[in-house]
Colleague: 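Just dropping this structure here.
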Amino acid sequence: MLFRELAEICEKLTSTTKRSEMVRLVADFLTRLEPGEVETASCMLLGRPFPNTSRWRLDVSWSTLAEVILRITGASQREMAPAFDSTGDIGAATAVLFSAARIKRQQLFSIKPLSLLEVQEILRKVARLRGPGARRRKERLIEGLLNRCEPLEAKYLVKIVTGEMRTGFQEGLMELAVARAYGVSLKSVRRAAMFAGDIAIVAGIAARSGESGLEEIGPSPMRPISPMLAQVCNEIEEAIEVHGGQTNFEYKLDGARVQIHKKGSEIRIYSRRLSDVTESLPEIVNLILQELHAEEAIVEGEVIAVGKDGRPLPFQSLLQRFKREREVERMAQEVPVRLQLFDLLFLDGCSLVDRPYEERRERLRTIASNIELTEQLATSRADLGKDFLERAIRAGHEGLMAKKPGSPYVPGARGKLWLKIKPTLEPLDLVIVGAEFGYGRRHRWLSDYYLAAVDENTGSFEIVGKTFKGLTDEEIKEMTQELQKLVVKTEGRRVWVLPRIVVEVIYNEIQRSPKYPSGMALRFARITRLRPDKSPAEADTLRRVKEIFERQVKRI
Ligand code: AMP
């Protein structure tokens, strides 16, 4: 299949907002592919070059890409801005510049057209490049690719490289398209996607081996599983009631979720977003090697940073452990971490995800007798639950989790089987989409941030507030550097950036406001921490902001 045909489908997707039409278009497209092309095409339709779980990262910044585009098209920085203004999208802006340069580039179109697999292969080479001189060589490979692109191909190649597909076609629709294309049930597609970690992988399996292939997918060591998540719950009483009169409370630790896979002496640690973070946590690898008594296992827990007194440190301190790959050993001494386990999903050849909570926890205790488990209390009494919550907060933790008695582990689900109870006003996880340079001492730094929620219908980002509060000077400097790599448009002292950075924000209230198209604005917003463990798509939705807004109104 040619890459051009994929670009054409993506273009068609943008011309409809009807979900059923999108599913039909993609399902038809999938059936025209060779089985060996399906995984690749599915990744690209969702705006990524490789499956989520892959260890490859392109590491190509927007500024590098912009330089290449300007070089190929002969356009100037000044021409780029109006192209972006008229389209509001960097992929589309690229197509405008490529079309304008068409006459000059005409002779190039006689070159052999790009195939889907060829594009992925070259991007894989880009991802593999590391170390000195890598940036240059990456740039050359990307330039080689873009040089062979017609405007429409360039548009979607740029979108795939930057991860900004914005066709409105997302994972949920892909599940429907896969079921339709290969005549398999939606239920097994969804189940398989949670175990495989990416719907694109499942599409490939469905194409090759249909329903029976999907049914065979289950937990397997070294293949990360989408983590089970929790719904927000406001009160201890409510948690007990929702769980049928009794529940299992656990301390909710303010750290990083880890899913640890063991196979003989090989250990891999995956983050909540399923990226491989093994290299950053050597002492956890050692602990598991010595103290997890199983040949093969998948366990889950939370890693927290601890101070000299053994008390938990804020999440922010822990982040340093994941940032500096080259200084792992020094960081391990400076920021000691502690692991607490809370679940067991696989043990010596057997999946445990369908076994009840209590059994999983009991077996976890048996194989990890020298590793801490999260504090737990099984109770039907609200007063005991409240005492337990207070103890958790006093010990420096975030709140409680409540896990339903007898419940299975449902990968990827954010349902009522697990509830989270945090005592403070619900913070929001929002995405920075723009920033302004500050004044006085901060005049060189991007220190005032536009915060956006995800519009759950379109996947676009809608501004709901702005803040210059919460970050330290050091953090603002780092944030400035990060944001400068993401700039797509400059307006005086304001920049608009690719929506990449997720931050946790607290605020006093949500007001109705004409300032932003969302119609709402957070009052006295303040950033409480960075959330690099969350992808922009996982940020809070506009619907959730509205819900909090409406709840507030009712209270008045
Ligand atoms: P949130 O990130 O607010 O959606 O809360 C869910 C997260 O809480 C999980 O992804 C875990 O990282 C974390 N967590 C902390 N303690 C526990 C626990 N005892 N059980 C499950 N998750 C926990």
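Every number for a ligand or one of its atoms is a count from 1 in the order of the listing. Note: hydrogens, waters and symmetry copies are ignored here, and every other heavy atom, side chains too, is used. Small disclaimer: the values here were computed from a predicted structure and weren't measured.
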Colleague: Tell me whether ligand 1 is touched by Q340 - counting only heavy atoms on the residue side and a distance under 4.0 Å.
Modeller: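 Distance cut 4.0 Å: Q340 fails for ligand 1.
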Colleague: When you measure from atom 4 (O) of ligand 1 to every protein heavy atom, which one gives the shortest distance, and what is it?
Modeller: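 Of every protein heavy atom, K420 NZ, 2.5 Å lies nearest to atom 4 (O) of ligand 1.
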Colleague: Closer than 3.5 angstrom, by distance alone: can the side chain of R273 be matched with the main-chain N or O of K534 as a donor-acceptor pair?
Modeller: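 Yes, because the side chain of R273 sits within donor-acceptor range (under 3.5 Å) of the backbone of K534.
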Colleague: Per the side-chain contact (heavy atoms from CB on, under 4.5 Å) rule, which among L339, I371, N286 passes with E291?
Modeller: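 Of L339, I371, N286, side-chain contact (heavy atoms from CB on, under 4.5 Å) with E291 is met by I371 alone.
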Colleague: With only distance considered, is E250 within less than 3.5 Å of ligand 1 through an N or O on each side?
Modeller: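 Yes, since at least one N or O of E250 sits under 3.5 Å from an N or O of ligand 1.
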Colleague: Would L253 count as a polar contact of ligand 1, with the cut-off being nitrogen or oxygen pairs under 3.5 Å?
Modeller: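 Between L253 and ligand 1, an N or O pair is found under 3.5 Å apart.
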Colleague: Run through L45, D198, V23 and flag the one making a side-chain contact (heavy atoms from CB on, under 4.5 Å) with M174.
Modeller: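 That would be L45.
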Colleague: Show me which atoms of ligand 1 lie under 4.0 Å from any heavy atom of R414.
Modeller: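 Under 4.0 Å from R414, ligand 1 has these atoms: 4 (O).
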Colleague: Is it possible for you to check whether K403 lies under 6.0 Å from the centre of the six-membered ring of F249, through NZ or CZ, and within 45° of that ring's axis?
Modeller: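 K403 over F249 ring: no.
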Colleague: Test of understanding: with salt bridge (Lys or Arg N to Asp or Glu O under 4.0 Å), list the residues that count as partners of E390, not counting sequence neighbours.
Modeller: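 Once residues adjacent in sequence are excluded, the partners of E390 under the salt bridge (Lys or Arg N to Asp or Glu O under 4.0 Å) criterion are R394.
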Colleague: What atoms of ligand 1 come closer than 4.0 angstrom to any heavy atom of R272?
Modeller: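 Answer, ordered by atom number: 1 (P), 2 (O), 4 (O), 10 (O).
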Colleague: Is there a nitrogen or oxygen of K534 sitting under 3.5 Å from a nitrogen or oxygen of ligand 1?
Modeller: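 Among all N and O atoms of K534, none is under 3.5 Å from an N or O of ligand 1.
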Colleague: Do you see a donor-acceptor pair shorter than 3.5 Å between the side chains of Q259 and H261?
Modeller: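 There is such a pair between these side chains.
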Colleague: Any idea which protein heavy atom is nearest atom 10 (O) of ligand 1, and the distance to it?
Modeller: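 Atom 10 (O) of ligand 1 sits closest to the protein heavy atom R257 NH1, 2.8 Å.
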Colleague: Below 4.0 Å, non-hydrogen atoms only: which portion of K252 touches ligand 1? Side chain, backbone, both or neither.
Modeller: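 Both the backbone and the side chain of K252 come within reach of ligand 1.
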Colleague: Among side-chain atoms of Y409 and E300, is any donor-acceptor pair under 3.5 angstrom?
Modeller: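 A donor-acceptor contact under 3.5 Å links the two side chains.
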Colleague: If hydrogens are left out, which of K403, E302, R531 has an atom nearest to atom 11 (C) of ligand 1, that is, the closest non-hydrogen atom?
Modeller: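 Closest candidate by heavy-atom distance is E302.
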Colleague: For D59, what residues pass the side-chain contact (heavy atoms from CB on, under 4.5 Å) criterion, not counting sequence neighbours?
Modeller: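 Result, side-chain contact (heavy atoms from CB on, under 4.5 Å) vs D59: K138.
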Colleague: Considering heavy atoms of the protein only, find what lies nearest to atom 23 (C) of ligand 1 and give residue, atom and distance to 0.1 Å.
Modeller: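 Protein heavy atom with the smallest distance to atom 23 (C) of ligand 1: F342 CE2, 3.7 Å.
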